[in-house]
Amino acid sequence: MSFENLNLIKPIQKALAEEGYTHPTPIQSQAIPVILERKDILGCAQTGTGKTAAFAAPILQILYAEMPTGKYRRTIKSLILTPTRELAVQIEESFKTYGKYTGLRSTVVFGGVSQTRQTDILRNGVDILIATPGRLLDLMNQNYISLKDIKLFVLDEADRMLDMGFINDIKKVIARLPVKRQSLFFSATMPPEIVKFARTILSDPVKIEVTPESPAVEAIKQGVYFVAKPDKKALLIHILKNEAIDSALVFTRTKHGADQVTKSLNSAKIHAEAIHGNKSQNARQTALNNFKSKRTRVLVATDIAARGIDVDKLSHVINFEMPDVSETYVHRIGRTGRAGLSGVALSFCDADERSQLRDINRLINIPIPVIKDHPFAQIEREIVHNKPEPNNTHLGRNKTGIDFNPEDAAKRNKRRWFGKSKSYGRNETRKY
Ligand code: AMP
């Protein structure tokens with residue numbers, strides 16, 4: 001299957017080819033034809049599956065086909081609502097990238113920054129608007145934004161929107177949309193309340209589900225270090241002194257923890273920046289841009305700040321602290337190993353975090369291999385749950401020092417992680 005088979009027009013095909021996309025991902029090959037047929041979609045897919053291009057490319061194509069020739073007054077014809085500023089910026093970058101040969105204009109609005117720049121761009125006219133709910137309503141109430149010409153509406157990360165308490169804001173936005181429109185609804189999970197909510201927005205939708213069995217996840221090498229809490233910073237510095245690590249996203253549980261870790265790394269001359277909810281929007285975006293452009297090698301983040309952040313060619317994810325919720329582990333490590341590249345996920349586990357590790361091992365159904373060869377190793381009595389499976393024991397070490405058989409582990413992980421995880425369960429997503 002190629003993008004040509006999906007009937008995408010040349011200007012979009014050219015932009016995708018320049019991004020190095022040779023084949024559509026499963027969500028793209030399923031969603032693009034349906035959207036081009038002008039049908040509504042109820043899509044169960046998470047970030048990392050190629051979801052953005054799955055809706056952005058056909059939206060661009062539809063608007064391009066309807067673009068008047070010559071000079072015209074641009075009005076907003078497509079609205080994409082997404083929960084966080086980082087996601088909004090990322091989606092807008094994608095529209096700009098995929099639409100660079102279409103002549104269509106897009107912009108993004110989000111809160112936490114002055115609105116002047118945003119309103120200046122809006123005044124000049126745009127075709128596509130990407131927005132977070134609060135700022136959108138704000139600007140609508142000030143008459144900077146009208147939704148009366150919207151033909152295509154996308155609600156992205158619906159489960160997270162509801163989690164973040166945006167339901168009333170979303171309802172207010174939807175009340176202002178034209179009744180006659182095409183709506184695309186995406187959510188990483190499909191619990192009954194999301195399905196019920198989707199029904200209020202969609203009209204006879206086509207259901208599309210992609211399980212995140214991406215080859216990217218198969219490529220992730222994992223390892224856990226048993227280390228005393230006070231030694232974690234020293235261990236992190238020890239690991240990051242290895243220059244073979246191109247880029248690392250380090251997860252901490254708290255904002256304060258993220259700041260502390262960043263400080264220690266910088267004192268050790270390892271350039272790191274932190275990203276979390278206490279930072280200003282500008283500081284977060286700058287840190288993220290620096291990391292994406294490889295000016296900063298290490299980004300330290302909390303889960304909330306980092307969810308959905310997409311970084312090309314991220315080589316390492318490091319769990320400085322074990323996540324409390326096992327599913328979060330899967331979310332975190334899925335940041336690396338994307339687009340067929342290999343990735344490494346390392347976790348630091350202190351004595352108080354053993355139960356979290358046990359839960360994760362249970363969830364992924366294959367114990368994370370223990371890395372014993374490091375200067376801060378703790379003598380471990382209780383490693384029953386972390387013994388490599390028998391068919392892994394004959395394996396030598398790879399570059400990362402992790403006992404690992406990628407093929408076997410990947411096959412098992414692929415089946416088990418997503419088969420059993422509550423939020424990814426197949427049965428759950430079938431209950432539309
Ligand atoms: P998304 O789920 O939209 O956040 O996309 C995840 C990542 O996959 C992004 O880095 C995209 O640039 C990349 N991507 C999307 N579609 C393709 C494709 N067809 N081939 C290769 N990479 C892709």
Side-chain angles (χ1 to χ4, degrees), residues 1-8 12-33 35 41 43-61 78 80-100 106 108 128 130 154-160 184-189 208-220 246-247 249 288-289 291-294 299 306-315 317 330-343 418 424:
M1 169 78 77
S2 71
F3 285 105
E4 224 165 301
N5 301 130
L6 293 176
N7 289 328
L8 285 176
I12 296 174
Q13 273 187 42
K14 185 172 172 206
L16 295 176
E18 283 176 13
E19 281 303 287
Y21 300 0
T22 48
H23 301 286
T25 64
I27 181 106
Q28 290 161 4
S29 46
Q30 290 179 62
I32 291 173
I35 300 173
I41 280 190
C44 187
Q46 58 173 312
T47 304
T49 52
K51 180 185 54 163
T52 316
F55 63 75
I59 288 177
L60 286 161
Q61 177 150 332
S78 182
I80 292 88
L81 257 194
T82 192
T84 67
R85 303 146 182 189
E86 285 83 2
L87 280 171
V89 169
Q90 225 160 253
I91 294 172
E92 208 257 333
E93 281 168 1
S94 299
F95 268 96
K96 284 225 155 49
T97 307
Y98 309 145
K100 66 178 161 188
S106 57
V108 57
I128 299 154
I130 297 94
V154 181
L155 188 69
D156 187 37
E157 301 245 340
D159 53 350
R160 199 166 165 207
L184 315 173
F185 183 106
F186 291 96
S187 186
T189 57
I208 291 177
E209 174 195 352
V210 294
T211 42
E213 294 177 1
S214 70
V217 172
E218 294 171 32
I220 301 167
D246 274 352
S247 57
L249 181 57
L288 186 60
N289 290 346
F291 188 59
K292 283 185 170 184
S293 63
K294 307 270 189 257
L299 188 70
R307 190 172 159 189
I309 287 176
D310 179 42
V311 179
D312 280 349
K313 301 189 187 128
L314 171 63
S315 71
V317 165
V330 180
H331 278 299
R332 286 185 183 181
I333 76 164
R335 301 313 168 75
T336 182
R338 287 198 176 171
L341 298 165
S342 65
F418 302 111
Y424 298 99

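Each residue takes its place number in the sequence, starting with 1. Remember, it's 1-based here, ligands and their atoms both numbered in the order they're listed. Since we're looking at a predicted model, the values are computed, not measured. Quick note: numbers below take in every heavy atom, side chains included, and nothing from hydrogens, waters or symmetry partners.
One N or O on the side chain of Gln28 and one on the backbone of Gly50 form a donor-acceptor pair closer than 3.5 Å.
Close N/O approach between Thr52 and ligand 1 is found [any backbone or side-chain N/O within under 3.5 Å]. Taking distance alone, with nitrogen or oxygen atoms compared against 3.5 Å, Gly50 approaches ligand 1 more closely than that limit. For ligand 1, the polar-atom distance check finds no N/O of Tyr98 at less than 3.5 Å from any of the ligand's N/O atoms.
Between Ser106 and Phe95 the shortest heavy-atom distance is OG-CB, 4.0 Å.
Counting atoms of ligand 1 from 1 in the listed order, those under 4.0 Å from a heavy atom of Lys51 are 1 (P), 2 (O), 3 (O). In the vicinity of Phe3, heavy-atom distances shorter than 4.0 Å reach the ligand 1 atoms 19 (N). In the vicinity of His23, heavy-atom distances shorter than 4.0 Å reach the ligand 1 atoms 18 (C), 19 (N), 20 (N).
Contact annotation: the side chain of Leu6 approaches that of Pro33 to within less than 4.5 Å [non-hydrogen atoms, C-beta and beyond].
For the pair Lys51 and Glu157, the salt-bridge criterion is met [side-chain N within less than 4.0 Å of a carboxylate O]. Here Asp246 does not pair with Lys294 in a salt bridge; the nearest charged N to carboxylate O distance is not below 4.0 Å.
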